[in-house]
Amino acid sequence: MKIATYNVNGINGRLPVLLRWLQETQPDVACLQELKAPDEKSPLQAINDAGYNAIWHGQKSWNGVAILSRNLPLTETRRGLPGDPDDTHSRYIEAEVNGITIGCLYLPNGNPAPGPKFDYKLQWFKRFTQHAAALYTSGKPVVLTGDYNVIPTGLDAYKPERWVEDALFRPETREAFENLLAQGWTDALRKIYPDEVVYTFWDYFRDAYGRNAGLRIDHFLLNPQLNDRLLTAGVDRNVRGWEKTSDHGPVWIQLAD
DNA sequence: ATGACAGAGTAACTCTGA
């Protein structure tokens with residue numbers, strides 16, 4: 001079973017690229033972030049025509065997450081992160097597919113830091129960590145995937161010294177990610193590629209993709225029940241080179257059935 | 001140190017992103 005995550009940066013503007021990628025790589029499940037569209041403007045028909053079921057948690061202009069599945073029943077288990085009824089951002093959706101609990105997240109960027117946006121990032125992270133703890137001990141295989149907006153270590157940025165003041169790499173952010181991992185989650189890409197440079201994002205500016213000036217900020221966290229089934233993982237980095245593409249590349253894991 | 005690029009909303013430009 002292949003599960004992918006892809007920050008599409010606009011589901012409607014990205015539709016041709018998204019459909020081509022689905023057609024070429026055929027993931028069983030695809031978690032999408034940054035839809036930038038309300039549910040009523042989501043291209044559900046085109047997704048269905050491509051062979052995928054989908055659940056959406058969209059929002060006008062910003063944020064927005066979705067989970068797609070191909071030839072597999074998709075049961076929504078949660079829409080929105082618990083813990084703050086006043087949080088209006090659409091950043092979390094969760095489903096069960098094939099007995100696996102799949103959380104799809106778009107963690108806040110948090111820049112500029114320090115400031116209210118960074119405070120919101122850390123607050124959201126805290127709520128997410130609490131929810132992750134509950135899922136971890138659910139007894140089911142669980143994957144938490146999406147755009148974490150976290151550069152975990154210096155290996156995960158092309159010039160880490162330039163990111164030390166940035167919300168993606170500040171000590172508070174890295175510590176929050178480490179605290180989450182300390183529950184027992186496995187960073188799947190880092191497990192498969194322990195010492196290699198693996199990027200998932202390349203800035204639109206200054207030919208960052210051509211220079212491979214990237215970041216690793218899209219992640220798969222697996223609990224032990226799923227970690228035992230991890231076969232391989234990768235980044236479809238060629239997609240980042242297509243016309244009218246996202247600044248993120250799709251990332252995927254392959255699991256034993 | 002700065003700004004470059006892109007999507008969405010709305011209709012010239014702002015806001016956001018990482």
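Checked by atom type and distance alone, the side chain of A:R91 never pairs as donor or acceptor with a backbone atom of A:L105 at under 3.5 Å. A donor-acceptor pair is defined here as one N or O able to donate and one able to accept, closer than 3.5 Å; no such pair exists between the side chain of A:S42 and the backbone of A:L44.
Ion pairing between A:R216 and A:D187 holds under the 4.0 Å rule for side-chain N and carboxylate O. A salt bridge between A:R240 and A:D218 is absent, with no side-chain N of the basic residue lying under 4.0 Å from a carboxylate O of the acidic one.
Rounded to whole Å, the distance from CD on A:Q33 to P on B:dG7 is 17 Å. Between A:L15 atom CG and B:dG7 atom C1' the separation is 14 Å, expressed in whole Å. For the pair A:W202 CH2 and B:dA6 P, the interatomic distance rounds to 16 Å; values are reported in whole Å. Atom P of nucleotide B:dA6 and atom CH2 of A:W242 are separated by 18 Å, given to the nearest angstrom.
Comparing the P positions of B:dT14 and B:dT10 gives a spacing of 16 Å, expressed to the nearest Å. Distance check on atom C1': B:dA18 versus B:dG3 gives 14 Å, rounded to whole Å. Atom name P, nucleotides B:dA1 and B:dC15: the rounded distance is 26 Å, in whole Å. Between B:dA8 and B:dA12, the two C1' atoms lie 14 Å apart (nearest whole Å).
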Exercise for the section: Any chance you could list the contact pattern along nucleotides 8-18 of chain B? Use B for base contacts, S for sugar-phosphate-only contacts and - for none, protein heavy atoms under 4.0 Å, 5' to 3'. Expected result: SSS-----SSB
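A donor-acceptor contact under 3.5 angstrom links the side chains of A:Q33 and A:T5, judged on distance only.
For the ring pair (Phe, Tyr, Trp, His ring centres under 6.0 Å) test, residues two or more places apart in sequence or in another chain that qualify with A:H248 are A:F201.
With DNA chain B read from its 5' end, the first of the two nearest nucleotides for A:T245 and A:R162 is the one closest to A:R162.
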